[in-house]
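Please read the structure below before turning to the comments.
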Amino acid sequence: PSIMPHQNLATAMRIASSQKTSSSCSSLTTMRRTTFSFYNRKISSRRRSTRTFISASNDKPAVVILPGLGNATEDYEEFKEELSSRGFVATSIAQVARPDWLRNAAGIVKPSYWKGTLKPRPTVDWYLERINNAIEEARNASENKDEVVLLAHSAGGWLSRVYLESEDYANAKWVSKVISLGSPLNAVPLDVPGVVDQTRGILTYVEANCLSPKSLGIEWICLAGTYKTGVKEFSRERFSDFIVGQGYKQVCGTADARGDGITPVESAQLQLEGVENIILEGVFHTPVGSNNEDRPWYGTKRILDTWVSKI
């Protein structure tokens with residue numbers, strides 16, 4: 001049948017409307033594609049920036065935490081997390097359990113133990129092996145494999161000196177710096193009445209025979225806390241200070257010394273060329289029993305902030 005004029009007009013209008021809608025859809029599709037492409041480029045750029053940042057943080061040295069006498073690996077997990085949050089992502093803790101320290105009792109069977117002339121090796125070889133393994137672990141996790149920093153707590157300090165001079169441990173050569181945290185590093189004075197060398201001569205040997213940090217070609221920083229000052233005389237009012245003072249006396253020969261509750265300041269410092277000694281006011285000796293308010297230890301968040309730049 002023939003098409004009337006008004007039908008032709010309606011058909012033409014539908015065609016025009018269809019073309020307009022198609023054109024609008026095409027423009028919208030193009031706009032969406034352009035917008036998606038723009039944001040995709042921005043996201044890609046951000047991802048590249050993030051990768052660059054992570055790579056830069058991994059340029060920090062590998063870090064190894066060395067537990068102190070009587071402590072265990074798990075005591076330092078929070079410390080490790082604090083270091084990681086500051087970019088030291090390649091941090092390991094030497095694997096030590098509390099019963100491991102009983103291995104040191106092996107020295108009792110030696111005459112040198114009773115004479116007070118005990119040498120550190122082979123009595124502490126078990127700990128030296130743990131240091132070596134922890135360094136291996138930290139280096140494997142680090143992009144910067146040429147620098148290892150030891151954070152040596154308490155006995156870990158003098159044990160580090162024994163480890164670093166030994167030719168039996170291949171990973172010792174990677175250590176570039178040691179930061180000791182409340183470590184007794186000096187020989188016990190034997191001419192003071194009532195003083196008994198609790199290391200049975202080991203610290204005397206270390207002081208007399210171990211190479212200095214300068215001779216080893218490494219940096220050494222000593223941190224010493226001043227949580228409590230001991231007293232010589234007993235009194236009910238200062239009973240805890242008296243007990244702490246008696247402990248200090250066994251380490252440095254003097255009861256009325258300042259220290260972190262275990263290690264006196266003068267024992268925690270090395271008076272050797274090239275060594276940097278830092279005193280941290282109000283700092284407690286160990287992570288066990290510490291808190292962020294009135295008993296912070298060396299690795300507590302607000303204390304770490306004062307010396308983390310030294311790593």
Side-chain angles (χ1 to χ4, degrees), residues 64-73 76 92-139 148-190 195-220 222 250-251 262-263 267-272 275:
V64 174
I65 300 170
L66 303 182
L69 180 66
N71 288 107
T73 300
Y76 303 88
S92 66
I93 309 171
Q95 294 299 305
V96 177
R98 291 188 218 288
D100 283 331
W101 294 102
L102 296 174
R103 296 167 183 259
N104 291 357
I108 293 177
V109 300
K110 298 182 179 181
S112 58
Y113 177 92
W114 301 103
K115 294 177 182 178
T117 58
L118 186 66
K119 296 180 180 179
R121 302 193 65 188
T123 302
V124 300
D125 280 5
W126 68 272
Y127 191 98
L128 307 186
E129 190 64 38
R130 307 296 173 86
I131 297 177
N132 204 58
N133 293 342
I135 292 174
E136 186 75 17
E137 179 184 341
R139 289 186 68 244
V148 175
V149 176
L150 302 183
L151 303 183
H153 176 227
S154 196
W158 62 261
L159 284 160
S160 295
R161 295 194 68 185
V162 177
Y163 172 79
L164 289 170
E165 75 161 14
S166 173
E167 297 180 355
D168 296 335
Y169 302 101
N171 289 323
K173 64 184 178 183
W174 302 113
V175 177
S176 58
K177 182 186 297 184
V178 178
I179 301 179
S180 54
L181 317 177
S183 299
L185 298 169
N186 300 301
V188 176
L190 301 178
V195 171
V196 177
D197 181 3
Q198 298 176 50
T199 68
R200 307 310 299 148
I202 287 181
L203 276 177
T204 300
Y205 176 91
V206 170
E207 183 177 81
N209 296 281
C210 286
L211 296 172
S212 68
K214 183 178 180 180
S215 298
L216 291 167
I218 66 171
E219 295 182 62
W220 194 295
C222 299
Q250 298 302 315
V251 181
I262 298 294
T263 306
S267 298
Q269 297 181 330
L270 277 176
Q271 304 304 327
L272 297 174
V275 174

Could you measure the distance from the CD atom of Glu207 to the CG atom of Asn186? Nearest 0.5 Å is fine. 5.5 Å
Pairing donors with acceptors under 3.5 angstrom, does anything connect the side chains of Asn71 and Trp101? no
Roughly how far, to the nearest 0.5 Å, is CG of Asp100 from CZ of Arg98? 11.0 Å
Are Tyr163 and Asn171 close enough, and set up right, to give a side-chain contact (heavy atoms from CB on, under 4.5 Å), and what steps lead you there? CA-CA 10 Å; Tyr163 172 79; Asn171 289 323; 3.6 Å; yes
What distance separates Ile131 CD1 from Glu136 CD, expressed to the nearest 0.5 Å? 14.5 Å
Go through the steps for Thr204 and Val188 under the test side-chain contact (heavy atoms from CB on, under 4.5 Å), then give the verdict. CA-CA 7 Å; Thr204 300; Val188 176; 5.7 Å; no
Interatomic distance, OG@Ser212 vs CD1@Ile218, rounded to 0.5 Å, equals 9.0 Å
For Tyr169, run the side-chain contact (heavy atoms from CB on, under 4.5 Å) check against Ile135, Leu164, Leu128 and tell me which one passes. Leu128
Under a 3.5 Å threshold, yes or no: a donor from one side chain and an acceptor from the other, between Trp158 and Ser183? no
Please round to the nearest 0.5 Å and tell me the distance separating atom CD1 of Ile108 and atom CZ of Arg200. 10.0 Å
Please lay out, stage by stage, how Leu66 and Tyr127 fare under the test side-chain contact (heavy atoms from CB on, under 4.5 Å). CA-CA 9 Å; Leu66 303 182; Tyr127 191 98; 3.3 Å; yes
Leu185 side, atom CG; Leu270 side, atom CG - distance, nearest 0.5 Å: 4.5 Å
For residues Val251 and Ser267, report the shortest heavy-atom separation together with the two atoms involved. CG1-OG, 3.4 Å
Stepwise, does the side-chain contact (heavy atoms from CB on, under 4.5 Å) test hold for Lys110 with Leu118? CA-CA 8 Å; Lys110 298 182 179 181; Leu118 186 66; 4.1 Å; yes
